[in-house]
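Because the structure is predicted, anything quoted here is derived from the model rather than measured. Heavy-atom basis, side chains included; hydrogens, waters and symmetry copies ignored.
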Amino acid sequence: MSPNELGLVAKHVMKLLVERRFDELEEATGGAGLSADDMEAAVDDVGSALVMPPETVWRELRITPVRNWPGAFNLKLDLWTARGRTSNTVELTVHSKDGVPVIEVDDIIVG
């Protein structure tokens with residue numbers, strides 16, 4: 001997957017989190033990773049409503065190839081509120097299967 005494609009996937013995941021569409025995100029992951037309930041609990045623990053990050057953020061994504069898994073990438077996305085970037089992150093694993101992105105929400109770290 002290209003960095004641009006990974007950016008589109010990251011934006012989609014963030015939009016679903018911001019809009020609190022956890023069931024839809026769980027469905028998009030095929031149940032891989034966190035459940036809708038786990039995602040909701042973690043987002044609630046942030047303490048403020050999430051907002052979409054500024055557009056500049058998408059050009060500076062932290063993308064790391066997964067060792068021993070060609071074509072798979074880890075993405076670490078900062079969560080944002082109306083006050084700005086938080087210390088909280090969502091961690092994803094993204095790869096493609098038959099040309100379709102496969103998303104796993106590995107963790108939402110609140111701290």
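F22 has its side chain out of reach of D38: every pair of non-hydrogen atoms, C-beta onward, lies at least 4.5 Å apart. With contacts defined as side-chain heavy-atom distances shorter than 4.5 Å, the pair M1/H95 does not qualify. Using a 4.5 Å heavy-atom cutoff, the side chains of T89 and L77 are not in contact.
Among pairs with a residue in residues 48-61, those fulfilling side chain to side chain donor-acceptor pair (under 3.5 Å) read K11-E55, at least two apart in sequence or across chains.
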**Message:** One pair to check against side chain to side chain contact (heavy atoms under 4.5 Å, CB included): M52 and V18. What are the steps and the verdict?
**Reply:** CA-CA 7 Å; M52 286 298 287; V18 166; 4.0 Å; yes
**Message:** Using the rule given for side-chain hydrogen bond (donor to acceptor under 3.5 Å, both in side chains), can you reason through N74 versus T93, listing the C-alpha separation, both sets of side-chain angles and the distance that settles it, and then say yes or no?
**Reply:** CA-CA 5 Å; N74 287 118; T93 300; 3.0 Å; yes
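Side chain of S2 to backbone of E5: a donor-acceptor contact under 3.5 angstrom is found. Formation of a donor-acceptor pair under 3.5 Å by the T86 side chain with backbone atoms of L79 is found in this model.
Listed here is the closest heavy atom pair of P101 and V9: CB-CG2, 3.9 Å. In plain terms, the two heavy atoms of R85 and W80 that are nearest each other are N-CE3, 3.2 Å. Annotation for A10 and L75: closest pair CB-CD2, 3.9 Å, computed over non-hydrogen atoms. Here the shortest heavy-atom pairing between M14 and D78 reads CE-O, 3.5 Å.
The line from CG of D45 to CD1 of I109 is 13.0 Å long, rounded to the nearest 0.5 Å. Taking CD1 from I103 and CG from L16, the interatomic distance works out to 8.0 Å, rounded to the nearest 0.5 Å. Atom-to-atom distance recorded for T81:OG1 and L50:CG is 7.5 Å, nearest 0.5 angstrom. Separation of atoms CG (L34) and CD (E40) is listed at 12.5 Å; rounding is to 0.5 Å. Annotation: the span from E24 atom CD to L17 atom CG amounts to 11.0 Å, rounded to 0.5 Å. Interatomic distance, CE of M39 versus CZ of R20, reported as 12.0 Å (0.5 Å rounding).
Between D107 and K76 no salt bridge is recorded (no basic side-chain N to carboxylate O distance below 4.0 Å).
Membership of an apolar cluster is not assigned to V102, as no side-chain contact below 4.5 Å to another ILVMFWY residue is traced.
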